[in-house]
Amino acid sequence: MRSSQYLLSTMKENPADAEVISHKLMLRAGMVRRLASGLYTYLPTGVRTLRKVERIVREELDKAGAIEVLMPMVQNAELWQESGRWEQMDAELLRFQDRHQRDFVLGPTHEEVITDLIRREVTSYKQLPLNLYQIQTKFRDERRPRFGVMRAREFLMKDAYSFHLSQDCLQKTYDVMYQAYSNIFTRLGLDFRAVLADSGAIGGSVSHEFHVLASSGEDAIAFSNGSDYAANVEMAAALPPQSERAAPAEALNKVSTPNAASVDEVATLLAIEPTSIAKTLFVRAEQDAEATGPAFVALVLRGDHQLNEVKAEKHPRVAQPLSFATEAEVQQLTGALPGSVGPVGLPIPVIVDHSAAALADFVCGANETGFHLTGANWLRDVPEFETADLRNVVSGDASPCGQGTLEIRRGIEVGHIFQLGDKYSQAMKAGVLNEDGKNQILTMGCYGIGVSRIMAAAIEQNHDEHGIIWPDAIAPFQIALIPMNMHKSVRIQQAAEQLYQQLTAAGFEVLFDDRKERPGVMFADMELIGIPHQIVIGERNLDQQQVEYKHRRSGEKSLLTLDAVVAEMQ
Ligand code: ATP
Ligand code: MG
Ligand code: MG
Ligand code: MG
């Protein structure tokens, strides 16, 4: 690819509205552009990486015996009414009507559609087991879309569904898929952990999540240093299952006058220990353009915890980043009405929004447009995980399995596998004739991977101050070919053209930077995009029939003779 004929779209400056590094770098490297809240266009460089992630996922699933299908994104409401999820799901399920006033949804996942397919197509036990998958666009009207493609509303998921006649058979496929997921994340070059998980709204019993370890992760996971024990914190803390806890919207509605709710009431509503809201600071937040969430945000301050890292840029009233604030100071700074900063409030999103259990970067309010604070955070020296879902576990606790102690880290959920049992097949009457000629309800498993989220997660783990450092397997290009001042030197141009032809013919994906740009600009762009291997062609080295090779990750440089370049790159 010649960059002069390509859409590079790199940006020098950090975009102001991006919070996490992957979001910043994906914008700066010209991978994605925001269309509207939670909706992104993938630029050519983004598509290249997305397709590579997809390919690895597809290859490993094919190896695991799964078969590819493609289902519609738009689904008719009848199926959702049949499964019961039409009522169960909150506003995350986007519902709409067609011209005939018939109800439809945009698929957030496809259990209903696939179960409907199987009950029509599969009639005999002889056709089982089956494991079908697709790589397809999902839509979830997330309460708080953020971090770019990491928590988008429209995103690319690989979802697979398996069908069986027995638990034993399901367990076998589940184990195969667990292994396939491990292979996928290993091939992607990611540092990940598989953890025991709560199966949440999708239902079922056994479930594992796959997390990429990253400090920006919205989830926390706990694992033992003395055994294979690993769980997400909900499991480790043995909380009531998510389904038994008040849904965020419900909790909010019940506390219509939050200032009047007592600590005990809030604790009961949210199924949490009263001691975890020893002291709560309540401030009114402006609903900002991005936020689809509640108009109130409260910060839970435990004991003597303080706020820190309140960013100053957008907030004319805050002269300096706040490192230590009392209630009175926060009240003054935020302009909150007297009385609205009080000892009692509704702790959102810290505790309510378990899915966004980020214990960081709260937005808190000002009662005045343009004065709200963003990036409010816990003080670093407050034990990081002493709040919310993690209140019952801290690093160093004995592991529930009895071996070793727990380590608690943050993770980005990139995959989730479930044993669904007969939740959908029972409700939708999906059965086949068994060996005895009797109708038997099917047992199901389902298996998701956040294909687009993986790109962001990979960047969270692989970057430096210059930009992205792609793992080879998912780099948009393998080699950056950088001729210096090519437009002033026929010799450089010839060498570059020749190398480009040779490398391309040898099967490499090369980005040939043939723009009329200064070398500094070209180097910076190639570093930012994170292409793993760079070849720089300059006059002086060319005198010796040499070019410079630079490895993006290590920064190591070496000289290669022109004739040997292709062989060296193999
Ligand atoms: P989360 O806890 O992050 O909201 P989830 O548990 O709701 O995710 P699943 O229903 O398990 O998600 O879906 C399977 C996978 O799809 C997730 O493991 C994740 O990688 C991906 N995913 C889910 N929601 C999003 C989103 N809003 N944006 C991008 N990827 C997502
Ligand atoms: Mg989850
Ligand atoms: Mg979710
Ligand atoms: Mg999940």
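Residue numbers start at 1 and run along the sequence shown. Atoms within each ligand, like the ligands themselves, are counted from 1 in listed order. Not measured: the values here are computed from a predicted model.
The set of protein atoms (N, O or S) found at less than 2.8 Å from the Mg ion (ligand 4) reads Glu413 OE2, His416 ND1, by chain and number.
Between Lys63 and Glu59 no salt bridge is recorded (no basic side-chain N to carboxylate O distance below 4.0 Å).
Leu132 places a side-chain heavy atom less than 4.5 Å from the side chain of Ile114. Under the 4.5 Å side-chain criterion, counting only non-hydrogen atoms from C-beta, Ser207 is not in contact with Gln419.
Take Ala475 and apply the side-chain contact (heavy atoms from CB on, under 4.5 Å) test, not counting sequence neighbours, and it matches Trp470, Pro532. With sequence neighbours excluded, no residue satisfies side-chain contact (heavy atoms from CB on, under 4.5 Å) with Glu87.
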With a cut-off of 3.5 Å and sequence neighbours excluded, list every side-chain donor-acceptor pair involving residues 155-162.
unit_1	atom_1	unit_2	atom_2	d
Lys158	NZ	Tyr181	OH	2.7
Lys158	NZ	Tyr447	O	3.0
Asp159	OD1	Gln134	NE2	3.4
Asp159	OD1	Lys138	NZ	3.1
Asp159	OD2	Gln134	NE2	3.0
Asp159	OD2	Lys138	NZ	3.1
Asp159	OD2	Tyr161	OH	2.6
Tyr161	OH	His110	N	2.8
Ser162	OG	His164	NE2	2.7
Ser162	OG	Tyr447	OH	2.7

